[in-house]
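The chain is numbered in sequence order, starting from 1. Just so it is clear, the structure is predicted and the values come from calculations on it, not from any experiment.
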Amino acid sequence: MKKNKVELSKITTYRFGGECKSFYSINSPNQIEEVLSQSINDEIFVLGKGSNIAFSDDDYPGTIVKNEIEFIKLIDDKGSINVGAGTYLPDLSRFLYEQELTGGEFLLGIPGTVGGAIKMNAGCYGYEIGNYVTSVICYDLKLKKVIELQSDKIRFKYRESSNLENLII
């Protein structure tokens, strides 16, 4: 993990955006606390693949954390999996297909990450990711600690999860 200066137009799908002087790419959950310790008083924005965002061409004044925590682990023979929030949804869909697990086909056409998909309850063709989530491990920005939310405690609605504010998935 390293603080960088980044042209946001080079890392988003729509190619909009000015410069961000406080940009971090993380690939491990314990790097979140390290970023937060360096970003006191900054607004924190968590970025996945940048497929659903258009930044202003002005410089971005806060801190951006690009979530690159990417992994998919099969947990048991019942098809339970553990997935990193930075995992690309089409990669997850392909993994499920290769493991002969059904239900993830709709993810193939969504160009985002697991964390963003959970935050916005992404879906298509009548399917939503919230129907497949059992729990989410997050860093709570207010409590300054890692918490786990069971799916029944997450308020999944059409294209949103209304109670995941101030949490980094």
Side-chain angles (χ1 to χ4, degrees), residues 1-15 17 20 22-39 44-53 55 60 63-124 127-141 145-151 154 156 159 161 164 166-169:
M1 183 215 57
K2 181 174 131 184
K3 182 177 177 179
N4 294 306
K5 203 173 3 172
V6 172
E7 285 294 326
L8 297 172
S9 62
K10 294 186 173 148
I11 61 165
T12 60
T13 303
Y14 295 118
R15 303 293 182 219
C20 176
S22 183
F23 183 92
Y24 297 87
S25 291
I26 61 168
N27 55 23
S28 163
N30 28 335
Q31 291 177 331
I32 294 169
E33 287 183 8
E34 194 177 328
V35 168
L36 296 175
S37 70
Q38 298 177 31
S39 304
I44 305 285
F45 181 82
V46 180
L47 181 66
K49 289 288 184 199
S51 60
N52 196 25
I53 186 80
F55 287 103
Y60 188 80
T63 295
I64 295 178
V65 176
K66 183 166 178 37
N67 189 330
E68 294 181 345
I69 303 170
E70 301 175 33
F71 64 86
I72 307 170
K73 295 179 186 169
L74 194 56
I75 297 174
D76 58 33
D77 59 355
K78 296 177 184 167
S80 296
I81 59 173
N82 189 359
V83 184
T87 302
Y88 191 45
L89 293 171
D91 291 345
L92 175 57
S93 180
R94 288 182 194 97
F95 174 86
L96 294 170
Y97 174 78
E98 290 164 5
Q99 298 297 316
E100 298 180 0
L101 298 171
T102 60
E105 297 83 359
F106 74 99
L107 300 171
L108 189 61
I110 303 174
T113 60
V114 169
I118 291 170
K119 177 77 172 144
M120 66 175 290
N121 195 20
C124 57
Y127 298 93
E128 294 179 329
I129 199 163
N131 294 331
Y132 299 92
V133 172
T134 56
S135 67
V136 177
I137 297 173
C138 310
Y139 185 86
D140 188 312
L141 293 168
K145 69 177 187 173
V146 175
I147 62 168
E148 183 172 357
L149 293 173
Q150 298 303 312
S151 62
I154 302 171
F156 288 111
R159 300 303 169 258
S161 303
L164 295 179
N166 297 307
L167 300 175
I168 298 176
I169 297 172

If you look at every heavy atom in K10 and R15, which pair is closest and at what distance? O-NH1, 3.0 Å

Answer whether the closest heavy-atom distance between the side chains of [X] and [Y] falls below 4.5 Å.
X	Y	result
I11	F23	yes
Y14	I53	no
I168	V65	no
L164	L149	yes
E33	Y139	yes
I129	I110	no
L101	L74	yes

Relative to the ring of Y60, is the ring of F55 parallel (under 30°), tilted (30 to 60°) or perpendicular (over 60°)? perpendicular

Under the 3.5 angstrom rule, does the side chain of D76 hit a backbone N or O of K78 as a donor-acceptor pair? yes

Determine whether a donor-acceptor pair (N or O, by modelled atom type, separation under 3.5 Å) exists between the side chain of S51 and the backbone of P111.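 Present.
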
Which residue in the set T102, I81, L108 passes side chain to side chain contact (heavy atoms under 4.5 Å, CB included) when paired with L96? I81

Hey, are S22 and T63 close enough side-chain-wise for a donor-acceptor pair under 3.5 Å? yes

